[in-house]
Amino acid sequence: MYPDKNGHFKEFGGRFVPEILMPALEELTGEYYRLKEDKIFNQELTSYFNSYVGRPTPLYYAWGLTELMAGPKVYLKREDLTHTGAHKINNTLGQALLACKMGKKKVIAETGAGQHGVATATAAAMFDLECDVYMGEEDMERQSLNVFRMRLLGARVIPVSSGSKTLKDATNEAIRDWVTNIENTYYIIGSVVGPHPYPEMVRDFQSIIGREAREQVLSLEGRLPDSLIACVGGGSNAMGLFYPFLNDTEVEMIGVEAAGMGLDTDKHSATLTRGRAGVLHGAMSYLLQDEYGQVSPVHSISAGLDYPGVGPEHAFLNITGRVNYGSITDQEALEAFQILSETEGIIPALESAHAVAYLLNNKEHFKDLTLIVLNLSGRGDKDVNLAARLLEVE
Amino acid sequence: MRIKNTFTQLKENGEKALITFITAGDPDLDTTERLVLEMERKGADIVELGLPFSDPLADGPVIQKSSQRALEGGVRTPDMFQLVRRLRKNTDIPLVILTYYNPVFSFGLEAFVKEAASAGVDGLIIPDLPLEESDELKKITSSQGVDLIYLLAPTSTDERIKRTDKKAGGFIYCVSITGVTGVREEFSSSIENLIKRIRKYTSLPLALGFGISNPQQAGLAAYYADGVIVGSALVKIVEQHGDNPDLLIKKVGEYVGSLKEGIPGQFSDFPI
């Protein structure tokens, strides 16, 4: 089973962090492994999932989308219906509960579009934890509503003005805070990235998605799906869906990255498609970088996919071939955003719209299959302003 | 061997090492070359050259901005090796590259270390490469005669200190506080404990860094450690006077001179 005891998924993963953090990561790993098996911890988490998040989320038979596909039946895993509107809450509640058990009084987080920031601020409010969220100045401007939400929830939002002033730099800054306040601060990382044990731990908390979906599809259809599809930025919603199916070798899995303005431009975030191995934010994984290992600026219409790295387990699943990774452009995602709204009455997050677009653009590949589960990781409320602006221009 | 010889020589003279850091290529590579020679002239014993990285997560704002300036000026890994080659025509001072793991990994571990060794680099410091991930690089640096310099922090357990001693070469970079690099008014008073705790398990020279920014602090650090590392305070001068290289070199020289005077020449407990 992966990762191994040092957090490696073969050559990926590990811990590439300053010495200051190493003892804390060892302690966190120990605590996490202990609580992972702890009955009371799991009962508590389940009870929050059920009563606070609104789990289990439905597995919805998308008949409109199915009609468009002219072949396979399509089910949507409705993470968009969770409290705060995206899968992010599964992870932040899990980690916030862990932080409480470890006696921490303060949590910090990084955020790009603000979804993970909002989910962290929400969990912190519920567990009565002090909360600082690092956010790039440019993102704060683009997502001012989420900044307001976080503040409303009692979090402090700290502007980050270094580097590209986006998610990557917010993450650097959160790590710097953590290095400085390691004694009393818990860092809630927002995706399956970062040093061990984060990729494993976030995957485990998000695996509720796949466990539910597996049970639901078996009960609805009496069989496993042919194909699973999810979008991949850092990759937490995809890992959450895929992980409980990894041993079902007959189930095909597809991760969809952001091709931005096109793979042949320098404005995309298709890390696995166009990157190569490298270290960022504490783990060895794939990375978009220049010839000499300097991290490249990236772009996606969807802020949640706008990240130059990707979770190390995805890098691993990519080279083993267990998961296939494709990509979708801004334009294609925006079209799928409209199509799903019209056909299903569901406005998806632009992130999730990448997965929908992949499905619609690859009808040929899917035509002989009969059953598909797509992770609708979040709802599109946060994106309607941007979409309105872009679509009116057209 | 230059690093070891330097510490041995200093010890014989009853002195402590002054280790200075600047970013290669900030404000430009020619000025960096002149700065290194001037720092040596004014008393620096070892020079750390920062190979800039786009995401320096162990660094505070001063060195972050400096890295960004150098990268925007186009400085990349091969420029660093060229700089060292040029410097080696004029100086024998120990030169250490400080960078993050990705630029090294991306160049190829073996290629990087071979290039560094042949250019005349004596040591390598990689703050985001802890003990556990360093086996492969350590093997290569050992075979090429380059010291892989490890960091230890106030949070390091005794067990980690012991394991670090088994691998470390050159000197041990003792991080004075939990935090990132930067200029600080308050200088941690717990350094005595840190140095004594590390000293129990290693006979390597101990150099103290992070937050040391004036001659008084340097003097205090040198009271306990075998060497004192000053970075952000110097980089700040580069930031202020980068547009006027002659003035910059004069200012940096003066500052290094004042640091050297602040470091007392006694109390060494480094066993030869």
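Each chain gets a letter, A, B and so on, in the order its sequence line appears, and its residues count up from 1. It should be emphasised that the depicted structure is a prediction, and the values quoted were computed from it without experimental measurement.
- With rounding to the nearest 0.5 angstrom, the CD atom of B:E133 is 7.0 Å from the CE atom of A:M22.
- For A:R156, the CZ atom is loosely surrounded, since the number of other residues' heavy atoms within 6.0 Å does not exceed 12.
- By the 6.0 Å contact criterion, CD on A:E141 is open, its count of non-hydrogen atoms from other residues, nucleotides or ligands being 12 or less.
- A:P18 is listed as a side-chain neighbour of B:L57, based on a closest heavy-atom distance under 4.5 Å.
- Contacts between B:Y101 and chain A at a heavy-atom distance below 4.5 Å involve the side chain alone, from C-beta outward.
- One distance of note links CG of A:L280 with CZ of B:F53; it measures 6.0 Å at 0.5 Å rounding.
- Annotation for B:P103 and A:Q294: closest pair CG-NE2, 4.3 Å, computed over non-hydrogen atoms.
- Only the side chain of A:Q289 comes within less than 4.5 Å of a heavy atom of chain B; its backbone N, CA, C and O stay farther away.
- Around the NZ atom of A:K267, the shell of radius 6.0 Å holds no more than 12 heavy atoms that belong to other residues, nucleotides or ligands.
- Within residues 65-74 of chain B, the residues having any heavy atom less than 4.5 Å from a heavy atom of chain A are, in residue-number order, B:Q68, B:L71.
- Contacts of A:I182 with chain B are made by side-chain atoms alone, with heavy-atom separations under 4.5 Å and no backbone atom involved.
- A:A277 touches chain B through backbone and side chain together, each having a heavy atom under 4.5 Å away.
- The greatest number of non-hydrogen atom pairs below 4.5 Å with chain B, out of A:I175, A:N181, A:D177, A:N172, is found for A:N172.
- No other option in A:L21, A:D290, A:I20 has as many heavy-atom pairs under 4.5 Å with chain B as A:I20.
- Other residues, nucleotides and ligands place more than 12 heavy atoms under 6.0 Å from the CD atom of B:Q240.
- Within residues 153-174 of chain B, the residues having any heavy atom closer than 4.5 Å to a heavy atom of chain A are B:A153, B:T155, B:S156, B:R160, listed by residue number.
- Using modelled atom types and a 3.5 Å distance limit, the side chains of A:N6 and B:E132 yield no donor-acceptor pair.
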Next item on the list: Mind running side chain to side chain contact (heavy atoms under 4.5 Å, CB included) on B:V175 and A:E19 for me, showing each step along the way?
Entry: CA-CA 9 Å; B:V175 177; A:E19 169 67 18; over 6 Å; no
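- With contacts defined as side-chain heavy-atom distances shorter than 4.5 Å, the pair B:P56/A:R176 qualifies.
- Contacts between residues 107-115 of chain A and chain B, defined by a heavy-atom separation under 4.5 Å, are made by no residue at all.
- The heavy-atom pair separating B:G179 from A:V179 by the smallest distance is O-CG1, 3.2 Å.
- For A:Y292 against B:S106, the heavy-atom pair with the smallest separation is C-OG, 3.5 Å.
- By the 6.0 Å contact criterion, NZ on B:K114 is open, its count of non-hydrogen atoms from other residues, nucleotides or ligands being 12 or less.
- Residues of residues 120-131 of chain B lying within less than 4.5 angstrom of chain A, judged on heavy atoms, are B:P127, B:D128, B:L129, B:P130 in numerical order.
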